[in-house]
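Here is the structure we will look at, set down as structure tokens.
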Amino acid sequence: MSGFSKAPSFKSVAEPNPASELVLRLVAIDSGVWFPQGACTIIARHLAMTAKHVLEDFCTKHQVTQSADGVQAQFGIWAIQILDSPLRYGIWEVDEAFASPLTDIALLHLMPYNDAAGEYVLSGSQKQILLNLFAPAVGERVVGHGFHSSEAKMSKNPDGSDHIDVNDAPAATVGEVREIHVERRDLVRLNFPCFRLNARFDGGMSGGPVFNDTGQMCGVICSSMPANDDNEEHVSYAASLWPAMGIVIRGHRGQNHPKDITYPALDLAREGIIGALGWQRVELDPFEVAGAPGRIVYGAKYR
């Protein structure tokens, strides 16, 4: 990829394509009505990464309740995966989401909902994406993927199975890294490690992946301010990945670990369950959340 132009470009892409299997649409389902918004990326078996604010937007628009375990959604969230043809798609139910107050990244635990998703898990042919936990260098070319102009509805096939009509515009956007914010850009809006680039991110693309020139996922689409005219650059932001290693998650890691315990995502990188370059440089600092006794959050830093 290094021989390609860094000049910003924004192109619609046909599906299936190399990203279709890993970059999934997120949809909220409330009273049988579908509300597509944002994307997520499969980073390990049953685990995906998205932007935290996509989930917060869902929760703002739909009913939730508060409990000792956190926010309980009174609606469903599904992830839609295009497989080897646009007519064959995997449907995944998001049964739990994990986030941190220290970054705009969330991790999603996915469970297969239809046969295609179940077969994808059992086939053993899943691609594993490689994360690069640290931002690319200023001047480096990057490529983002996501969906915009999204609409969706669900109906029944003659045999009673579910049929989904998703109308959106899958896009690949190219740009160049302009600035690295190691700790944060500001104290309010982008108060987490991120990097600025001149790629165009349209509404609905939040949560999609950003790849560096070697094909490693190096960021999550989180914000954009469009150019005012053709002579002005887009000002867009992607969240850096290393703070996500401090997100506290829950999930069975295999026979060598007890079930139903919580642990930081960094543990998955240490064990190779998540492919993550640079995890050895990440250090975690556990602390208790104010007003929530017993709830542990991990702050991340790197050396």
Side-chain angles (χ1 to χ4, degrees), residues 1 9-29 33-51 54-55 58 76-95 97 106-131 143-157 159 161-174 200-211 215-217 219-221 275:
M1 293 175 62
S9 66
F10 186 90
K11 297 180 180 179
S12 295
V13 292
E15 293 181 304
N17 60 62
S20 303
E21 183 180 326
L22 295 173
V23 185
L24 282 57
R25 297 157 170 85
L26 284 175
V27 183
I29 303 98
V33 181
W34 285 54
F35 302 92
Q37 180 177 320
C40 67
T41 306
I42 294 178
I43 62 170
R45 187 181 178 92
H46 295 287
L47 192 67
M49 179 178 285
T50 189
V54 171
L55 303 182
F58 281 149
I77 302 178
W78 287 0
I80 311 300
Q81 174 189 36
I82 301 296
L83 293 170
D84 48 14
S85 81
L87 298 179
R88 184 169 180 266
Y89 43 81
I91 305 176
W92 300 82
E93 181 180 7
V94 178
D95 70 339
L107 298 176
L108 310 175
H109 189 258
L110 306 179
M111 292 298 293
Y113 182 83
N114 70 347
D115 290 344
E119 291 166 3
Y120 181 76
V121 170
L122 295 174
S123 68
S125 62
Q126 291 178 246
K127 301 173 185 175
Q128 183 171 22
I129 203 163
L130 183 60
L131 307 181
V143 181
H145 289 269
F147 312 98
H148 63 97
S149 306
S150 301
E151 297 178 347
K153 63 180 180 179
M154 180 172 163
S155 58
K156 291 291 184 181
N157 291 315
D159 63 0
S161 59
D162 293 330
H163 176 76
I164 303 168
D165 288 315
V166 177
N167 296 308
D168 58 20
T173 180
V174 174
R200 169 184 161 187
F201 296 157
D202 279 7
M205 295 179 70
S206 289
V210 176
F211 296 97
Q216 301 157 354
M217 182 177 169
V220 171
I221 294 173

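Note: hydrogens, waters and symmetry copies are ignored here, and every other heavy atom, side chains too, is used.
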Taking Trp78 as the fixed residue, which of Leu110, Leu26, Ile29 is the one that meets the side-chain contact (heavy atoms from CB on, under 4.5 Å) rule?
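Among the candidates, only Ile29 passes.
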Against Cys40, only a single residue in Ile77, Thr50, Val220, Val94 fulfils side-chain contact (heavy atoms from CB on, under 4.5 Å); can you say which?
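Single side-chain contact (heavy atoms from CB on, under 4.5 Å) partner of Cys40 among Ile77, Thr50, Val220, Val94: Thr50.
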In Å, rounded to the nearest 0.5 Å, how long is the span from [atom1] of [X] to [atom2] of [Y]?
| X | Y | atom1 | atom2 | result |
| --- | --- | --- | --- | --- |
| Met49 | Leu131 | CE | CG | 5.5 Å |
| Ile80 | Asp168 | CD1 | CG | 10.5 Å |
| Asp84 | Ser20 | CG | OG | 10.5 Å |
| Phe211 | Leu130 | CZ | CG | 10.5 Å |

Asn114 side-chain N/O to Ile91 backbone N/O, donor-acceptor pair under 3.5 Å
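It does hold such a pair.
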Is Ser12 reaching over with its side chain to a backbone N or O of Ala171, donor-acceptor style, under 3.5 angstrom?
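Such a contact is absent between Ser12 side chain and Ala171 backbone.
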Check [X] against [Y] and note the closest heavy-atom contact, atom names and distance.
| X | Y | result |
| --- | --- | --- |
| Ala79 | Leu24 | CB-CD2, 3.7 Å |
| Ala116 | Tyr89 | CB-O, 3.4 Å |
| Thr41 | Gly207 | OG1-O, 4.4 Å |

Can you find a heavy atom in the side chain of [X] that is under 4.5 Å from one in the side chain of [Y]?
| X | Y | value |
| --- | --- | --- |
| Val23 | Gln81 | no |
| Ile82 | Asn17 | no |
| Met205 | His145 | no |
| Phe58 | Gln37 | yes |
| Leu47 | Leu107 | yes |
| Glu93 | Pro112 | no |
| Gln128 | Ile43 | no |
| Glu119 | Arg88 | yes |

Could you walk me through whether Glu15 and Arg25 pass the salt bridge (charged side-chain N to carboxylate O under 4.0 Å, His left out) check?
CA-CA 13 Å; Glu15 293 181 304; Arg25 297 157 170 85; 2.6 Å; yes
Fit a plane to each ring of Tyr120 and Trp92, take the angle between them on a 0 to 90° scale, and name the class: parallel (under 30°), tilted (30 to 60°) or perpendicular (over 60°).
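Perpendicular: the ring planes of Tyr120 and Trp92 meet at over 60°.
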Taking side-chain hydrogen bond (donor to acceptor under 3.5 Å, both in side chains) as the test, write out the residues that go with His109, two or more places apart.
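Residues passing side-chain hydrogen bond (donor to acceptor under 3.5 Å, both in side chains) with His109: Asp95.
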Looking only at the aromatic ring of each residue, does the gap between the centers of His148 and Phe201 stay below 6.0 angstrom?
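No.
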